[in-house]
Amino acid sequence: MKVLELLAPAGNADIGIAAIDCGADAVYIAGPRFGARKAAGNPFPEIGRLCGYAHRFGARVFVTFNTVVEDGEWPLLEEYLEEAAAAGADAFIIRDMRISALEGVSVPLHASTQCAIRTVEDAERCVRSGCERVVLERQLSLERIREISSALSGTEVEFFVHGALCVGYSGECGLSEFLDGRSGDRGDCVQACRSLYDLVDSKGRVLAERKALLSLKDLRLSHRLKDLVDAGVTSFKIEGRLKNASYVKNVVREYDRALQALVSASGGEYRRASFGRPEGGFEPDSLKTFNRGYTELWLDGRRGRWASADAPKSMGEPVGVVARIVPAGAGSVRLAVCGNAVFKAGDGLCFIGRDSISGFRVDRVEEGDIICKRIDGLEEGVRLFRNSNAAFERELERNMPVRLMEVGACLRICRGGLLKLSAGCENGARTSLEYDFSSLDAAWNTSRALAMIKEGLEKRSGIYRIDRVEVEVEETASIPLLPAAAINGMRRDLCRALDDFRRPRRTRALRPSAVNECEHERDGVLLRSKYCVRYEMGLCPAHQGAADTGPLFLMNGGRRLSLHFDCTRCEMSVMP
C-alpha cells in the first residue's frame, strides 16, 4: 500500500494547527534561523506546541534548515538542531549537506528543493549524503519525475503542487544577491523576479515596457495528483510559509479533498499518512485566495504561457466587466458590473491599468452596484478581479472543519455490576477501563437501558468520534441503570486515555557515505529557467517560427541584464 502525504506550510504554530485541522498530513516550519524564508522564523516552544497537536493525528512536523551555513554559524546551528529535535521535529529539511555529517543528528533528513534536484544524479548524490527524501525542482516534467523516482528505491519523493513559483531553478538563483546584495541562499531573497523591467534589443528598441517579465503565475496541480502518484511522488507540497492563515486553510482543504478522493477511489492501493479526516466547514476555492493566475508549468513537457507579467501580485478571481460608471458624490463613483459575482463591502478589487495593476476597496453595495472611491484608469469595459473576498474570509474564520478520528469500542457487562470498556482508535491507540456500578439498581427494561448506553457512548468527544460500540453481556449479569452523567463520564474517560497515546517517531535510517555540500557553480549565470521571455513575447524561432531578434536585455533602474537562449535544452539564462 502506497502512503500519500499532503504537506502544508506553517508560517507559525497557529497556521500549522489550522492546516492540520483542514487535512494536512504534515507541515513544514522554520526555527528562529537557517530557514529559506527569513521572515518566517519561530521559537522552539511554539514548534513544540505544533508538534504536540500534530502528533495526536499521526501528522508530522518538518523543520527547515535550508540555507547555506557559514563557517562561524555551526555551533549555533547544532544547538538549534538539538532544540528542534527536543521540540518533537519529525524531519529536518536541509540545503547544506554538511549537516548530514554531524554526529548528533538523529532526526531524518530531507534534501530541500534548494538542492536543485533535476536529475537522477542530483537525487542520488543527496541520498548518498544521508537524505531519506528528496524535494524535486518544480520545473520538471512527469517523464523526468518518473525517471528520478524509479532510480531511487526506498527514497521518498516530494514535489510542489501549489503556490508561488521561482522563475529560476531553485537553489541556483543569484539575481537577488546581484541586484540588492541579499542572497536567497541565506533566506533573504528580495524577489527581484517580481520587479518591473523593460525588454530591449541590441539596437535599444523597447519591445516591452514596465512589465514583470520574470514573474511567473502560481502553480496549481490539484487535478494532476494521480499523474504525480503514477510518476512516483508520495508527498504533495504546498508553498506558502509567508502566506496568511486564510490562504493556508483554503488551499489545504481543497487539496485534502482532491487527495482523499484519489485514496478513496484506489480500492485500498493508497492510504493517507496521518489519521482522522476533517468534516464540515467552509467550501474551499483556491480561485478566491491569493494567486497570480495558475499554471501547470512544465509538467507535460510542453511550452505554455506561464508569465504573470501584468500581475506580479495577486489578481484573484475574475468577477466581471465594468458596464457603467456614474458619479456618486464626494469623490465616489457607482459601478455596474456585468457578471454573476455578488459583492460585499470590504471586498478588494483590482484591474490592469495602462502601466500597472490598480486596486480599490468596495465601500458599500447598493442594489448590486459597487460604490467606491474614484480611481484613475477605472472605466467602462475594464475587467475586474477580486483579490480579497470579504465574505469568504469571514467564512474561513468562522466555519472551520473539525478533524475527527474514528474509534471502535466494546463494552462488556459482567456479573456484580462490573463494566469493562475497551476501545481502539484508527491511529493505533488502545485502551481498557473498568467501572464498578454494583451500587446501582438493575434496569427493568434491559433493551432500553442498553440502547441508552450505546447512544451515550456513540458520540463525538474532542477529536474522536466513537461510531460503533459492541455490547457483550455475561450470562446472568444484570444491566445497571446508568444515569446519563455516568455514561458521558465513561466516554470522556475513554477519550482522555486515548489522548495519552503517541505513535513512535521515526529515527534517522541513513548515514552519509559521502557529503555533498550542494553548492552550485553558476558560471556567471544569475538564473536558468524553463521559462522563456522570448516565447512569452511570441518571438521564439523554435516554437513560433519568429525571426531571430538578436540579443535581448532586461533593463531596470539603469541596470542591464543579458538574456541567453539555449534552444537545444529549451532553457533561458539571465546573466549580468
* Are the ring centres of His110 and Tyr28 closer than 6.0 Å? -> no
* Asked: So which heavy atom on Gly23 is nearest to which on Asp256, and how close?
  -> O-OD1, 3.4 Å
* Spatial distance of atom CD (Glu254) from atom SG (Cys22) [nearest 0.5 Å] -> 12.0 Å
* Asked: Looking at Phe282, does the NZ or CZ of Lys249 lie under 6.0 angstrom from its six-membered ring centre and within 45 degrees of the ring axis?
  -> no
* How are the rings of His162 and Tyr247 set to each other: parallel, tilted or perpendicular (split at 30° and 60°)? -> tilted
* **Reported CG-to-OH distance for the pair Leu527 and Tyr169, which is rounded to 0.5 angstrom** => 10.5 Å
* Between Glu46 and Arg49, is the closest basic N to carboxylate O distance under 4.0 Å? -> yes
* Hey, what do you get for CD (Glu79) to CG (Leu76), rounding to the nearest 0.5 Å? -> 5.5 Å
* Should Glu296 and Arg224 count as an ion pair when the cut-off is N to O under 4.0 Å? -> yes
* Asked: Is it true that Glu426 and Arg465 make a salt bridge, defined as a side-chain N closer than 4.0 Å to a carboxylate O?
  -> no
* Qualifying ring pair (Phe, Tyr, Trp, His ring centres under 6.0 Å) pairs with a residue from residues 213-242, counting only residues at least two apart or across chains -> none
* Taking 4.0 angstrom as the limit, do Arg272 and Asp25 come out as a salt bridge? -> yes
* Looking at Phe160, is Arg138 sitting on its ring face, NZ or CZ under 6.0 Å from the six-membered ring centre and within 45 degrees of the normal? -> yes
Please tabulate, one pair per line, all N/O donor-acceptor pairs under 3.5 Å involving side-chain atoms of residues 56-64, not counting sequence neighbours.
residue : atom : partner : partner atom : Å
Arg56   : NH2  : Asp499  : OD1          : 3.0
Arg56   : NH2  : Asp499  : OD2          : 3.4
Arg60   : NH2  : Glu5    : OE1          : 3.1

* Give the ring-plane orientation class for Phe44 versus Tyr80, where under 30° counts as parallel, over 60° as perpendicular and anything between as tilted. => perpendicular
* **Glu397, CD atom: more than 12 neighbouring heavy atoms under 6.0 Å** => no
* Asked: So among Lys211, Met315, Arg292, which one has a side-chain contact (heavy atoms from CB on, under 4.5 Å) with Ser308?
  -> Arg292
* **From Glu137, Glu172, Glu147, residue fulfilling salt bridge (charged side-chain N to carboxylate O under 4.0 Å, His left out) relative to Arg118** => Glu172
* Go through the steps to decide whether Tyr197 and Leu561 satisfy the test side chain to side chain contact (heavy atoms under 4.5 Å, CB included), and finish with yes or no. => CA-CA 10 Å; Tyr197 297 90; Leu561 301 171; 4.1 Å; yes
* Inter- and intrachain pairs under salt bridge (Lys or Arg N to Asp or Glu O under 4.0 Å), touching residues 502-512, at least two apart -> Glu156-Arg506
* **Pi-cation contact, Phe392 with Lys288 (under 6.0 Å, within 45°)** => yes
* Structure fact -> Ala24 and Val252 have their tightest heavy-atom pair at N-CG1, 3.7 Å
* **Carboxylate-amine/guanidinium proximity below 4.0 Å for Asp188 and Arg186** => no
* So, for Ala30 and Arg241, which heavy atoms are closest and what is the spacing to 0.1 Å? -> CB-NH1, 3.3 Å
